[in-house]
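Notes follow once the structure below has been shown.
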Amino acid sequence: MGTDKRFELRMTGSGGQGLILGSIILAEAAIMEGKIVTQSQVYGAEARGGTTKAELVISSKHIAYPKVTDPDVLAAMTDEGLRQYGGGISRKTEVIIDSSVMTTPDFLNEESCRDLLALPIRSTLVDRLATELGLNIVLLGVIEGLTGVVSVETLRKAIGKHVKKQHLDLNMRALDLGMEMVEAQAKTGIRI
Amino acid sequence: MGTDKRFELRMTGSGGQGLILGSIILAEAAIMEGKIVTQSQVYGAEARGGTTKAELVISSKHIAYPKVTDPDVLAAMTDEGLRQYGGGISRKTEVIIDSSVMTTPDFLNEESCRDLLALPIRSTLVDRLATELGLNIVLLGVIEGLTGVVSVETLRKAIGKHVKKQHLDLNMRALDLGMEMVEAQAKTGIRI
Amino acid sequence: MRLDFLRSERLPNIWCPGCGNGIVLRALLEAISQLQLDPDKVVLVSGIGCSSRAPAYTAFDNVHTLHGRAIPTATGIKLANPDLSVIVLTGDGDCSAIGGNHLIHAARRDVDITVVVFNNYNYGMTGGQASPLTPAASITTTTPSGNMDRPFDLVNLATGAGATYVARSGIYFTKHLVDHLRKAISHRGFSLVDAVAQCPTYYGRFNRKGSAGQMITSQKDWMVLKNVADKKNPEELAGKVVIGEFVNIIGARQADIDAAKEQS
Amino acid sequence: MRLDFLRSERLPNIWCPGCGNGIVLRALLEAISQLQLDPDKVVLVSGIGCSSRAPAYTAFDNVHTLHGRAIPTATGIKLANPDLSVIVLTGDGDCSAIGGNHLIHAARRDVDITVVVFNNYNYGMTGGQASPLTPAASITTTTPSGNMDRPFDLVNLATGAGATYVARSGIYFTKHLVDHLRKAISHRGFSLVDAVAQCPTYYGRFNRKGSAGQMITSQKDWMVLKNVADKKNPEELAGKVVIGEFVNIIGARQADIDAAKEQS
Amino acid sequence: MPERKSYKITHYRKWCKNCGICVAVCPKKVYEIDRNDRHAIVHPQDCIGCQMCVDHCPDFALTVEEVKDE
Amino acid sequence: MPERKSYKITHYRKWCKNCGICVAVCPKKVYEIDRNDRHAIVHPQDCIGCQMCVDHCPDFALTVEEVKDE
Amino acid sequence: MNEHVVLMQGNEAVAEGAIAAGVRFYAGYPITPSSEIAEIMARRMPEVGGVFLQMEDEIASIMAIIGASLAGKKVLTATSGPGFSLMQEGLGYACMVEAPIVLLESMRYGPSTGMPTKVSQMDLMQSRWGTHGDHWIIVLSPASVEESYRLTIRAVNLAEKYRNPVIVLSDETISHLREPIDVSVSPTLTDRKLPVEKSGYLPYRTDISLVPAIANIGTGFHTSFTGLVHGESGFQTANGHVAEALVERLRDKLFNNLDDIIQFETDRVEDAEILFVSFGITARGVSETVETLRSRGRKAGALRLVTLFPFDDDRIRQAAGSARTIIVPELNSGQLVLLIKRVFGDSRKVVPMNKINGDLISPQDILDFLQEENL
Amino acid sequence: MNEHVVLMQGNEAVAEGAIAAGVRFYAGYPITPSSEIAEIMARRMPEVGGVFLQMEDEIASIMAIIGASLAGKKVLTATSGPGFSLMQEGLGYACMVEAPIVLLESMRYGPSTGMPTKVSQMDLMQSRWGTHGDHWIIVLSPASVEESYRLTIRAVNLAEKYRNPVIVLSDETISHLREPIDVSVSPTLTDRKLPVEKSGYLPYRTDISLVPAIANIGTGFHTSFTGLVHGESGFQTANGHVAEALVERLRDKLFNNLDDIIQFETDRVEDAEILFVSFGITARGVSETVETLRSRGRKAGALRLVTLFPFDDDRIRQAAGSARTIIVPELNSGQLVLLIKRVFGDSRKVVPMNKINGDLISPQDILDFLQEENL
Ligand SMILES: Cc1ncc(C[n+]2csc(CCOP(=O)(O)OP(=O)(O)O)c2C)c(N)n1
Ligand SMILES: Cc1ncc(C[n+]2csc(CCOP(=O)(O)OP(=O)(O)O)c2C)c(N)n1
Ligand code: SF4
Ligand code: SF4
Ligand code: SF4
Ligand code: SF4
Ligand code: SF4
Ligand code: SF4
Ligand SMILES: [Mg+2]
Ligand SMILES: [Mg+2]
């Protein structure tokens, strides 16, 4: 990420997936690297359960308008999330979807976004680490692998601040898994 | 009272004396004669007991400003009432005080008012009718005797609307008493 | 339960998986079905809270008012049109915190409405804060080290305020719940049913009450029928919640007024 | 009674001749005298009403709040400075109509304040309208043909809400009143004294209760001491008001919390 | 025969509202409301110092103290 | 020997939130929450028609009716 | 003498006006200086087959009349500043569910409990902005007992017609003033529009009037009311477009009808060089002053706002003629003058005149003011 | 990397700011979007030796903090629109007894319950005019998490200094936004002035500051508080002169110190031809837009109000430079613009820009608006 550039990330999925925490971890990592951030989410206190959205803007200088307007990355972890909050992307946007639980929607194509990265995130996590916890961290790994928006070390530190000791190892493996998935994909070159 | 003229009356005394009712009765009498009136009072709901003030404006045409500004008659039935609401009189004002319970204050003189009519209202009432009820009606009689602001017949009718049958006679006598007192005073010519 | 009492087009409801509100709502619709009330003459009035969303899932006239204000609104409706069966659906917070005054005054006036309290021991809607019915020592978002306040006993409160029908039931005991809802609605005068439900998302999670299924079946363990409880001593009842009918007085208000008239 | 507790320069008070408020105030000052409280550490808090003017006639710190809001204000004061003896002087309307919710919640929380209700059965300040403690069938300016509502029994209401000290007395029984005020103030936790006073100007006049003197001495006829009443049957007590101590529980709140902790 | 105690009644006219409560509660008829509706101490010598009037005066207008003659 | 009644269970998947309450209350273990956290009817034949599941489903997602074969 | 002319107190005129307008449900809580309205209604409602309820507080009072209104009654409550503050949340709810309600507010001296028996005009801005969120309320201001009667009727009619809360903003003086009024004229009454067709019924669907025909509770339409943002169905939604449309409609249903809603009175504005803009009781001192000034040869005029809100800058500007000096007397520290300044900008000299001692502004006060300020 | 820079949510910043400012008493009632403040205070107050109270409603909450304030604590409550409406009576009482209290209001979409999780700026005018009677409140408006922290401290200081309620008027977006803030700077704190001399002590006697040194309850001064009009003694009176003096003092104690109280921020106003006037979260979209416009060669500038009330026309006029076109973007149907129009009259073109769908005004929205309106 260029020092002056504004980096915008939007993540969407279902309530329990920890996407908001994911965005906070990434925000803290960016702060550790001296960046400015604004993190926000749809706040569902009076709209139970369902779909969630987390947003993060990272910049090396003051962030005036705090919300995502033209995301660099859109990560969608459920169909419903993509339906509700998948708008507002552009040719600039790298879209990540979890192909293990989602069907690729028609509206995502070369015209509407920069790239579509369809990865079987949930199923890979379950297969490889035999757990569903850490889905948000795998996603952070994917985003990190894709953008390198912060250094991996900082990201690990930020994760460490938020997870209990006994889960640290699992989470580090989840992060690695995410990054690996991007690498593998990059090698095959298959995206959409 | 000239048809166009605005007649202003202020009465002040203590809570139980029925001055407000007195002003209402006079107001209704005036209405019966086709006049316009505005009647008001200090409203003491959150200031228990004590001193009261009732005001009445009578005119043959529309009354814009509804309060007494330059009274034609000020009737004070207690010292405290006179102290609190005795201001705002002028050379135009005929002042009535109840000499049986009040001491004539210094500030009332030829300079400050038109005339001072000191009548032993309460004591005369008690002496003559052996009651204290009807003090307000005696006062109406005094005012009527002094100003003739409405016809005596109308005034009687208005009183009739407000008092119980069994008290009607007493009240009529109270009215007469008030008028008599003025007449007597007029004959003697003694005022201040 | 008459299925046409449900406004199917608005389902699924917004409640979390395992939320007790749906069970209370179902029991209420069952009670109304059993009473064969004319659906045109039933109105459900609620305040604000997860539970207060219930009326809008029914086919009846329904009024979603302000937080705590269902009861005075219902009072206005009932007195404007006494032909209606006016039922208030409210939360423990809605009716006993911000709405507490209206509750006791409706009980005192003995206005002919029925109040069904969806009692989940916390404020679900705003994220699991303590309510006046949150048990002592419980964890909520505003009692992070355990609730230092004592809760109301809603039955005692309503009784103390003069309610003429007071009952309590739990969502495990659906037949019991339906029975008491039916009696409450039929009661002429003010009636209240404390319907102990559950909020697995907040109260359950914070206080390690297990899954929604465990929460509901556990009512068997900590609830005691009133006729059983009446035979037990206080020690045996420690930690238990008694369910059943506590007050059922007919014609109380008129009797009181008549008596007073006689006295004076 | 320590006369220096009175703010003599503000006397005579604004109350009507024969109003019962002064008698309750005197009893309170006597209770405070007997308890030898440090006058710097006593604060009297009131709402709005004739009775709520009482604190301003004393030499203590005093807070005349809004109609119905004395209790939450007092709660804030007490918790901000627990060294203070915080006493709420309130009217029947002030504490049981608009302030009813605060009353029951303070009782539930068992906050260590004392509430003294100057209960004159109506809204004196605004001209004699009905209050929630106006007896059924009574005439007031808003019940011209007799009150069709039942009143609260303030003792039952406070008890139902969880109060740990509840007593009632009458202004005829000044020693009894002083005793119970003293106990209430000494009580650690929420205490309430329903001090039955009189409003000769409105309630007395509208209901033909006679002169102020007659109103006060008549309390002998319609009030019954609790220990006497306990031996009578309901018929014998019809139309009577029972005075005495109804609840006096020490350490209730902590006990409840401890018990709950043990359970969970 | 024990000496009969005597009492000094003080009446603050400025605060008194002539309500008649002291008249009603005094067991010894020490007070009256007179023809002019005013409070009057009519039989001070009958006072037994019971303090009923003091405790019931809503206007703090009365004190009754024992007169100690040394 | 009385004929054993049989029941038709209808599950509205659209309304079901897979909360597991029916699993917990069914005396006959007719339901399960499966590996994918989804409600499943696993032993419909064991159903005794007690309506526990129906009455306790917070989402109106179940009906159980007796199958009358004429 | 006209048999129908009776002496009435302002509060009584409100109560009788409401009854004449068809109000059959009153819920309230006593407060000086409006308590007499409750007391009169306690007697009168049973007489006319209506319901009188004394509630536990002002919050309950406004909610009870909203409930009764939704159940089809014409309703009233009355209060004063402290109670009005407590009613604010309910008032916003009434705006949102479009419940026709009428609220009498008699202004006394504030802030807080202030001086309960003294007059003020200090709640003007509160009547417009007291509740949270974007909302629109109709506020009418009587200047006499007779007008209290008439405007209460008008308030009920407007409430029903536009399905909106209407406030009659009176004051302590008018509430307690007694004047003769003629009650023989039978008023024209307006009833709310009701739906007829049950099939396809959507409570908040509107025609060009933008006023929905919402069924009364209990008439078989199975209507849904909520203070949350809702669409035509009446059910809650968090859809931004729906929200926008709703709030705009709540405004436009009134603003499209300003000709119907806005009333004011002018007195010799045409050639006025000095113009007084005022409302309520203050206008009466003004009117006498204008008379006096004219008699002295000064070209004075007056504009009295009868409808206070909606407030339309253009209409005021047009009504105000071309006076170079505009004086705004009011019984507060300057509220109406803020609006009048906005209307005229720098184009006129807008001079506030404020009295905040609990008394009225008398004609003499105004004359003195003119002299002191060299106006 | 600065160790003291932490990621904080707006609500958390308010809570921590309050603690840094010395607040040791919090009473509140949960409501979206301010509930986190209560939740944080429930944990933090015991940690810092303070008191956390969850009250039965918002009315009790504001009364409890007033009580605690009079007993000497620095206090806070937090709420949102519906709760704010309920607090209005208490707010006026705080003005009248001159209790230093701080109230955080996080604006959500209204009216009524509206859309609880959506942002608005619809309570601006309510914050000024919500309670009855003439009164003056200080209202501060943060535009970021960092400023939420800073302005909460400032609010506590101003409340203590002027013995007046201070509102921090935030919104749903800022409440839930997370941004880095540096909490290492220890703030300057202000404490209320207290009396020393008991003899002849009169609680409401003031020196030239017009701010009385009222004793805290329990310190032996035997003070008297009332919401009724009161003189220097603190005791109630219905004397008109006293009333007038009191209300004027309540105004002047703030208006004599506008330099201290009023803050705003300007951005390239000097040569601006088009000026944006805004507050709170909206100012952030504006600031980015100004950047963009400047980069395109347009002379744009911005004025952001940090202190919303007291509102001083002259100061605004001076700060606004000479731009001919003034655009007032806000998340409501037009509230700030009413004030700005008053300030500028016809001398400038004042254009409202309103968004009422529950979303923020983005830089793109503004650019589009300029295009559509040919500005
Ligand atoms: C005046 C006001 N204060 C606060 C809120 C926020 N609020 C909404 S629901 C609620 C509590 C709900 O609790 P409860 O009544 O128990 O219902 P539940 O969600 O648990 O079913 C609160 C505090 C509000 N909407 N309005
Ligand atoms: C919010 C509000 N509502 C109403 C009032 C008017 N008001 C003042 S005192 C009072 C009733 C007083 O009755 P109570 O508490 O019994 O006191 P009392 O005068 O009888 O001693 C009322 C309704 C008010 N001041 N504030
Ligand atoms: S938060 Fe609790 S009460 Fe609300 S819907 Fe979820 S489970 Fe039910
Ligand atoms: S009105 Fe009643 S309560 Fe008030 S002072 Fe007079 S007698 Fe006492
Ligand atoms: S009781 Fe007190 S106030 Fe009443 S008459 Fe006797 S001395 Fe006077
Ligand atoms: S002390 Fe007793 S006996 Fe003496 S005057 Fe008073 S009441 Fe009468
Ligand atoms: S109880 Fe209902 S919602 Fe829950 S899993 Fe069973 S069918 Fe689904
Ligand atoms: S009806 Fe009874 S047995 Fe059958 S599935 Fe439901 S709970 Fe199980
Ligand atoms: Mg709840
Ligand atoms: Mg009372």
Side-chain angles (χ1 to χ4, degrees), chain A residues 4 6 8-9 15 19-71 85 87-88 90 150-151 153-154 157-158 161-162, chain H residues 1-11 30-36 39 80 106 108-109 113-119 143-146 172-182 267 281-292 302 304 358-367:
Chain A
D4 256 30
R6 178 179 172 120
E8 297 194 347
L9 165 67
L19 299 183
I20 293 171
L21 179 60
S23 69
I24 291 173
I25 290 172
L26 187 53
E28 292 193 341
I31 292 174
M32 290 177 191
E33 297 191 348
K35 300 272 169 51
I36 309 294
V37 302
T38 61
Q39 183 278 343
S40 59
Q41 62 269 318
V42 277
Y43 195 83
E46 302 210 12
R48 306 264 122 264
T51 301
T52 186
K53 176 178 83 164
E55 291 191 350
L56 179 61
V57 180
I58 302 179
S59 171
S60 47
K61 43 172 216 182
H62 171 71
I63 299 171
Y65 188 67
K67 296 239 169 168
V68 168
T69 50
D70 188 6
Y85 301 114
S90 74
V150 293
S151 85
E153 283 63 50
T154 322
K157 233 192 275 171
K161 274 182 63 182
H162 279 277
Chain H
M1 176 203 147
N2 181 340
E3 292 285 325
H4 302 290
V5 174
V6 294
L7 186 70
M8 252 193 208
Q9 207 173 31
N11 279 337
I31 184 167
T32 306
S34 74
S35 301
E36 293 84 358
E39 294 172 357
S80 179
S106 180
R108 60 189 225 185
Y109 193 100
T113 29
M115 296 196 294
T117 61
K118 297 279 176 121
V119 68
S144 69
V145 172
E146 189 275 330
E172 190 278 334
T173 296
I174 298 173
S175 281
H176 290 145
L177 192 66
R178 284 188 182 82
E179 294 187 302
I181 85 172
D182 185 338
D267 180 10
I281 191 68
T282 300
R284 294 185 64 172
V286 164
S287 137
E288 196 167 313
T289 312
V290 168
E291 205 58 54
T292 309
R304 176 170 76 91
D359 286 335
L360 294 186
I361 294 179
S362 71
Q364 193 57 52
D365 287 337
I366 303 177
L367 295 175

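Letters A, B, ... are given to chains in the order of the sequence lines, protein chains preceding strands, and every chain is numbered from 1.
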Open item on the list: For a 4.5 angstrom cut-off between non-hydrogen side-chain atoms, does A/Pro66 reach H/Ile174?
Closed with: no

Open item on the list: Taking the side chain as everything from C-beta on, heavy atoms only, tell me whether H/Lys118 gets closer than 4.5 Å to A/Val42.
Closed with: no

Open item on the list: I need the minimum non-hydrogen distance between H/Arg284 and A/Ala64, along with the two atoms involved.
Closed with: NE-O, 2.7 Å

Task: Which atoms of A/Ile24 approach chain H - backbone, side chain, both or neither, heavy atom under 4.5 Å - done: both

Task: Note, A/Lys67 side chain near H/Thr173 side chain (heavy atom, < 4.5 Å) - done: yes

TODO: Might you point out which heavy atoms bring H/His176 and A/Gln41 nearest each other, and give the distance in Å?
DONE: O-NE2, 3.1 Å

- [ ] Taking all heavy atoms of H/Leu7 and all of A/Ala27, pick out the closest pair and write down the distance.
- [x] CD2-CB, 3.7 Å

Task: pair H/Leu360-A/Tyr65: side-chain heavy atoms closer than 4.5 Å - done: yes

Task: Interface moiety of H/Ile281 toward chain A, non-hydrogen atoms closer than 4.5 Å - done: side chain

Open item on the list: Could you check whether A/Glu28 pairs with H/Arg178 (Lys NZ or Arg NE/NH1/NH2 to Asp/Glu carboxylate O, under 4.0 Å)?
Closed with: no

TODO: Among H/Ser287, H/Pro363, H/Gly285, single out the residue with the greatest number of heavy-atom pairs under 4.5 Å to chain A.
DONE: H/Pro363

Task: For the student: nearest non-hydrogen atoms of A/Val37 and H/Pro180, plus distance - done: O-CD, 3.1 Å

Open item on the list: Just verifying a value: how many Å separate H/Glu179 CD and A/Gln39 CD, rounded to the nearest 0.5 Å?
Closed with: 10.0 Å

